[in-house]
Amino acid sequence: MSPNTQLYIAGQWQAGASEIENRNPSDITDLIGTYAQASAAQLDAALDAARAAQPKWWAAGIQKRHDVLMAIGTELMARAGEIGEMVAREEGKPLAEGKGEVYRSGQFFTYFAAEVLRNQGDLAESVRPGIEIDVRREPVGVVAIVSPWNFPIATPAWKIAPALAFGNAVVWKPANVTPASAVMLTEIIARQDIPAGLFNLVTGSGRAIGQRLVESRGVDAISFTGSVPVGRGIAATAMANMTRVQAEMGSKNPMLIMEDADLDLAVAHASGAAFGGTGQKCTAASRLIVHEKIHDAFVEGLVKAAEALKVGHALAEGTQIGPVVSDSQLRQNLDYIAIGKAEGAELLTGGTRLDRPTDGYYMAPAVFAGTRNDMRINREEMFAPITCVQKAGSYDEALALANDSEFGLTAGIMTRSLARASHFRANMRAGCVMVNLPTAGTDYHVPFGGRGASSFGPREQGRYAAEFYTTVKTAYVAAGSPE
Ligand code: NAP
Ligand code: MG
């Protein structure tokens, strides 16, 4: 059997140095395929090709860049059903969410296609007569993108689209558990009229290929999404090399349920934000801080909602919660259930492995009550369908608990009080605050990111993305005399 040519380097599809298996977490007997692993030499070749291609892409001009991004986005939206099925099959999210993710990915490209045309600078008068000043944004150069598995197309899309829009070249290392989505996105990009080497897909493990990529002197900027420990390491490496870096990492998002909240809406939003995507979202609601007056009614509703969720095969009709992504993730989740119990939290429902007709990594959504904010289950990101309820005697106490975390990505409040909602917006230490909305679920045209250990570097998405993907040049021009 000839090896699979799934790496895309210098404008050529290539076989890797080795291959790994990609299996469906809903049914581990379903072998999706074997996927190429790049060698160090292949990664270096991709970086050299990107360096050579980038000036050609910048010189091609804004109409060209606009048209290429628009074509990629349009194709992603048109093929959301087909590609979304692969996302669901290899990542384990329900089919509708897989399709939605691919459609959204298309929107990132069409949004940034329009941003290409809006790359306008500033004019200034000089304090010295006879001199004119202009300020322009130029590409950073070669951008390394390292992405996680939980949004295997959307996260890369919101990085690749602005990178290309602003005239940069890309070397992309996707997560090794979701290579099929990466190959499908690359096939679309590779078909465009772009310089060979402008866009490169280099799959391989984080330890080998990821580490070598972020350490490379051939990289001008690194955009990373993933876990805190890996993000910390990448930021330190980037600092040593004076490479620009942006890292979006974990979180422990709080949701305040106040005594004046609409109870049914609070239960629906909390359950959706805690368990949607099997809890494997950096925006998941994992700390539910509930006013004591509504506590018991809310917890009763939440347990019912969790037990009503249909956990099953991602591609099966009616599935609301798919499997956990992998065996190691499932084992880690079950460890956290044991840790929570040992810490004295009360497990009200779920937290066990489930049997389904196919052999997959199924887990019952879990609700812990009677938790304290200093428990590990309230401090550490679990990335699991596990949520923790803690009781608060007042809004002030709830806000203080919410802010007592090293993370700060998203945070929500359920209340009918305008005064409290306004106070929360102003005093919650998070990158995104949600009023009467779930902590998960964001738009594509406005900035996304967090504070504290959740994010490092400039924001992603919307026009704020220009801060990371461009560098500013200030030009001083003396016209001289007309004679
Ligand atoms: P991860 O282990 O940090 O991996 C993320 C990416 O980094 C993968 O491509 C991984 O490669 C690679 N990598 C691992 N070690 C590396 C190294 N030493 N140098 C360079 N690259 C390396 O995270 P994950 O397990 O994929 O995803 C789960 C985590 O991502 C959670 O903590 C979650 O909160 C976070 N996340 C955050 C956001 C956000 O926007 N804030 C969004 C989604 C996910 P492999 O393929 O080999 O693992
Ligand atoms: Mg990983």
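Both counts, for ligands and for their atoms, begin at 1 and track the order of listing. The shown structure was predicted, so the numbers you read here are calculated from the model rather than taken from an experiment.
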So which of [options] gets nearest to [atom], if we judge by its closest heavy atom?
atom                    : options                        : answer
atom 13 (N) of ligand 1 : Pro179, Gly206, Ser455, Ala144 : Gly206
atom 45 (P) of ligand 1 : Lys173, Arg207, Gln329, Glu215 : Lys173
atom 18 (N) of ligand 1 : Gln37, Glu248, Gln211          : Gln211
atom 35 (C) of ligand 1 : Gly226, Gly449, Gly231         : Gly226
atom 2 (O) of ligand 1  : Ser227, Gly204, Pro148         : Ser227

* **Working for side-chain contact (heavy atoms from CB on, under 4.5 Å), residues Val143 and Val219** => CA-CA 6 Å; Val143 178; Val219 163; over 6 Å; no
* Check: Glu248/Ser454 side-chain N/O donor and acceptor closer than 3.5 Å -> no
* Side chains of Thr34 and Glu19: donor-acceptor distance under 3.5 Å anywhere? -> yes
I'd like to know if [X] pairs up with [Y] as an ion pair, taking the criterion as any Lys NZ or Arg NE/NH1/NH2 lying under 4.0 Å from an Asp or Glu carboxylate oxygen.
X      : Y      : value
Lys99  : Glu85  : no
Arg459 : Glu467 : no
Arg118 : Glu115 : yes
Lys252 : Asp404 : no
Arg23  : Asp30  : no
Arg331 : Asp327 : yes
Glu381 : Arg376 : no

Does an N or O from [X], backbone or side chain, lie closer than 3.5 Å to an N or O of ligand 1?
X      : value
Thr225 : no
Met249 : yes
Val146 : no
Ser251 : no
Ser147 : yes
Asn150 : no

Using a 4.0 Å cut-off to any heavy atom of [X], which atoms of ligand 1 qualify?
X      : answer
Ser205 : 47 (O)
Cys282 : 34 (O), 36 (N), 37 (C), 38 (C), 39 (C), 40 (O), 41 (N), 42 (C), 43 (C)
Phe448 : 40 (O)
Phe224 : 3 (O), 5 (C), 6 (C), 7 (O)
Trp149 : 24 (P), 25 (O), 26 (O), 27 (O)

* Asked: Taking the six-membered ring for Trp, are Phe383 and Trp149 ring centroids under 6.0 Å apart?
  -> yes
* Asked: Does Pro174 have a non-hydrogen atom less than 4.0 Å from ligand 1?
  -> yes
* **Residue portion contacting ligand 1 (non-hydrogen atoms closer than 4.0 Å) for Phe151** => neither
* Region of Asn176 that comes within reach of ligand 1 [heavy atoms, distance under 4.0 Å] -> both
* Structure fact -> Partner of Phe368 under side-chain contact (heavy atoms from CB on, under 4.5 Å), picked from Leu348, Val389, Ile386, Thr349, is Ile386
